[in-house]
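As the structure is a computational prediction, the values presented were derived from the model and not from experiment. When a residue number appears, it is its place in the shown sequence, counting from 1.
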Amino acid sequence: MALEAAGGPPEETLSLWKREQARLKAHVVDRDTETWQRDPAFSGLQRVGGVDVSFVKGDSVRACASLVVLSFPELEVVYEESRMVSLTAPYVSGFLAFREVPFLLELVQQLREKEPGLMPQVLLVDGNGVLHHRGFGVACHLGVLTDLPCVGVAKKLLQVDGLENNALHKEKIRLLQTQGDSFPLLGDSGTVLGMALRSHDRSTRPLYISVGHRMSLEAAVRLTRCCCRFRIPEPVRQADICSREHIRKSLGLPGPPTPSTLLNAVVRAHVLVSFLIERGGESTRPRLVPDQTRW
């Protein structure tokens with residue numbers, strides 16, 4: 001918090017973070033290492049994990065880190081864990097991992113010790129992998145430290161190595177017609193840094209998939225497609241839901257409206273509209289009969 005107030009970490013800290021990224025980057029494996037990854041139907045894959053860090057609204061320090069594990073291919077939650085955390089590192093573009101990964105790593109290690117039979121065989125991470133300023137995003141960082149296959153799933157294009165969200169890029173997005181359509185993200189360096197993927201027929205906004213660790217880009221894209229009931233792959237979506245719900249309960253905040261509450265609101269609105277239509281010639285302000293307390 002003090003670092004943020006001062007405008008960010010000192011240069012010595014940034015230099016240290018860069019050296020650490022370079023050290024860990026040398027351990028990234030960008031190819032398939034598991035038999036199930038090479039199978040068209042992912043035969044042998046049984047558990048897919050997702051992680052998320054959600055922030056308390058208006059608070060740059062308090063957050064909630066979540067890990068969920070889903071069965072595959074059913075995509076049903078079989079494990080979930082969330083905990084409130086206090087972020088000690090400030091947000092600096094390109095160094096998100098130093099802010100979030102320590103807490104996610106603790107959740108993975110806790111699961112490994114407590115329920116090893118529920119360990120995910122792959123993690124989907126809300127963020128980038130090799131699609132990054134220095135080729136080592138949060139999905140790479142978490143993958144190397146956990147030694148788990150990891151996939152970076154970003155909702156926005158990180159504009160690095162000449163990649164731009166310009167007219168040409170938007171035209172390529174427009175040509176993604178159906179779920180599963182994609183195009184490569186080719187940087188000025190000549191390297192394919194990831195893929196833009198239309199993950200659902202009802203969403204025109206692509207996801208940006210990149211290699212995290214121990215999985216090829218082709219397999220990462222296929223797996224993301226298989227995990228999408230909506231635009232966001234289910235492991236990441238469920239982790240986000242869990243973290244937000246944990247924040248709500250921890251802070252004693254009101255929950256979302258229940259279906260019955262919404263139905264009652266619709267019924268009351270319908271009654272009010274009918275009343276106004278019937279009395280259209282009179283005052284538009286409804287009057288309650290003596291024994292009524294509400295509509």
Side-chain angles (χ1 to χ4, degrees), residues 3 8-34 37-38 49-53 65 67 87-109 112 119-164 184-197 207-221 223-224 235-236:
L3 289 175
E11 280 301 318
E12 303 92 285
T13 299
L14 291 179
S15 295
L16 178 64
W17 286 354
K18 289 178 182 178
R19 289 196 299 271
E20 182 68 359
Q21 283 182 332
R23 183 183 71 82
L24 294 175
K25 181 181 177 181
H27 298 281
V28 169
V29 176
D30 61 0
R31 65 183 185 277
D32 294 326
T33 61
E34 309 300 308
Q37 294 167 337
R38 294 183 285 273
V51 293
D52 178 73
V53 176
L67 165 67
L87 302 169
T88 56
Y91 171 74
V92 181
S93 179
F95 298 99
L96 178 65
F98 293 96
R99 183 168 168 85
E100 298 185 358
V101 162
F103 306 109
L104 300 177
L105 180 60
E106 286 179 3
L107 290 173
V108 173
Q109 290 174 333
R112 185 172 270 141
M119 276 294 292
Q121 294 161 275
V122 59
L123 281 174
L124 271 61
V125 181
D126 183 6
N128 291 294
V130 299
L131 176 56
H132 180 264
H133 305 82
R134 286 167 296 281
F136 192 76
V138 61
C140 297
H141 206 126
L142 185 61
V144 169
L145 292 182
T146 60
D147 197 31
L148 288 173
C150 273
V151 177
V153 182
K155 296 185 280 290
K156 295 181 180 179
L157 175 67
L158 184 62
Q159 302 186 58
V160 297
D161 194 16
L163 295 176
E164 293 184 50
L185 301 170
L186 181 64
D188 286 347
S189 64
T191 303
V192 175
L193 300 173
M195 295 285 284
L197 169 70
L207 297 175
Y208 297 97
I209 313 302
S210 58
V211 170
H213 184 51
R214 292 181 55 194
M215 197 162 186
S216 68
L217 180 58
E218 184 272 336
V221 172
L223 179 62
T224 303
V236 174

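- The heavy-atom pair separating G187 from L193 by the smallest distance is CA-CD1, 4.5 Å.
- Figure legend: R23 and F136 shown without cation-pi pairing, the cationic atom not lying both under 6.0 angstrom from the six-membered ring centre and within 45 degrees of its axis.
- L67 contributes atom CG, which lies 11.0 Å from atom CG of D52 (distance to the nearest 0.5 angstrom).
- In this structure the side chain of L123 never reaches within 4.5 angstrom of the side chain of V151, judged on heavy atoms.
- Heavy-atom minimum distance, V144 versus L24: CG2-O, 3.9 Å.
- Rounding to the nearest 0.5 Å gives a distance of 9.5 Å between CG of N128 and CG of L96.
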Kindly determine whether R112 and L148 satisfy side-chain contact (heavy atoms from CB on, under 4.5 Å), including the steps that lead there.
-> CA-CA 12 Å; R112 185 172 270 141; L148 288 173; 4.1 Å; yes
Passes side-chain contact (heavy atoms from CB on, under 4.5 Å), D32 versus M215? Steps please.
-> CA-CA 4 Å; D32 294 326; M215 197 162 186; 3.8 Å; yes
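- In terms of heavy atoms, P235 sits closest to G49 at CB-O, 3.5 Å.
- The two residues H132 and Q21 make their nearest non-hydrogen contact at CE1-NE2, 3.8 Å.
- Between D126 and V153, the closest side-chain pair of non-hydrogen atoms is not below 4.5 Å.
- Side chain of R31 to main chain of S216: no donor-acceptor pair is present (N/O by atom type, distance under 3.5 Å, no hydrogens or angles).
- Listed for the K155 side chain is no donor-acceptor partner under 3.5 Å among the backbone atoms of Y208.
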For V92 and T13, run side-chain contact (heavy atoms from CB on, under 4.5 Å): C-alpha distance rounded to whole Å, both residues' side-chain angles, the deciding distance at 0.1 Å, then the answer.
-> CA-CA 11 Å; V92 181; T13 299; over 6 Å; no
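- Using a 4.5 Å heavy-atom threshold, the side chains of P149 and Q121 count as separate.
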Identify each donor-acceptor pair in which a side-chain atom of residues 101-109 lies under 3.5 Å from a protein atom, sequence neighbours left out, and give them as a table.
{"unit_1": "E106", "atom_1": "OE1", "unit_2": "R83", "atom_2": "NH1", "d": "3.1"}

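- Considering all non-hydrogen atoms of both residues, G129 and A139 come closest at CA-CB, 3.9 Å.
- Remark: side-chain polar atoms of H213 are paired, donor with acceptor, to backbone N or O of V29 under 3.5 angstrom.
- The backbone N or O of L142 lies less than 3.5 Å from a partner atom in the side chain of T146, making a donor-acceptor pair.
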Apply side-chain contact (heavy atoms from CB on, under 4.5 Å) to E34 and R214, showing your working.
-> CA-CA 8 Å; E34 309 300 308; R214 292 181 55 194; 2.3 Å; yes
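- Separating the NZ atom in K25 from the CD atom in E20 is a distance of 14.0 Å, to the nearest 0.5 Å.
- At a threshold of 4.5 Å between non-hydrogen side-chain atoms, the residues P90 and P9 count as touching.
- One N or O on the side chain of D161 and one on the backbone of S189 form a donor-acceptor pair closer than 3.5 Å.
- Looking at heavy atoms from C-beta onward, D30 lies out of side-chain contact with V130 at the 4.5 angstrom threshold.
- From L131, atom CG reaches atom CE of M195 across 12.5 Å, with rounding to the nearest 0.5 Å.
- Between H141 and F98, the ring planes lie perpendicular to each other; the angle is over 60°, past the 30° to 60° tilted range.
- Separation of atoms CG (L124) and CD1 (I209) is listed at 7.5 Å; rounding is to 0.5 Å.
- Of all non-hydrogen atoms in L185 and A196, the two that sit nearest each other are CG-N, 4.0 Å.
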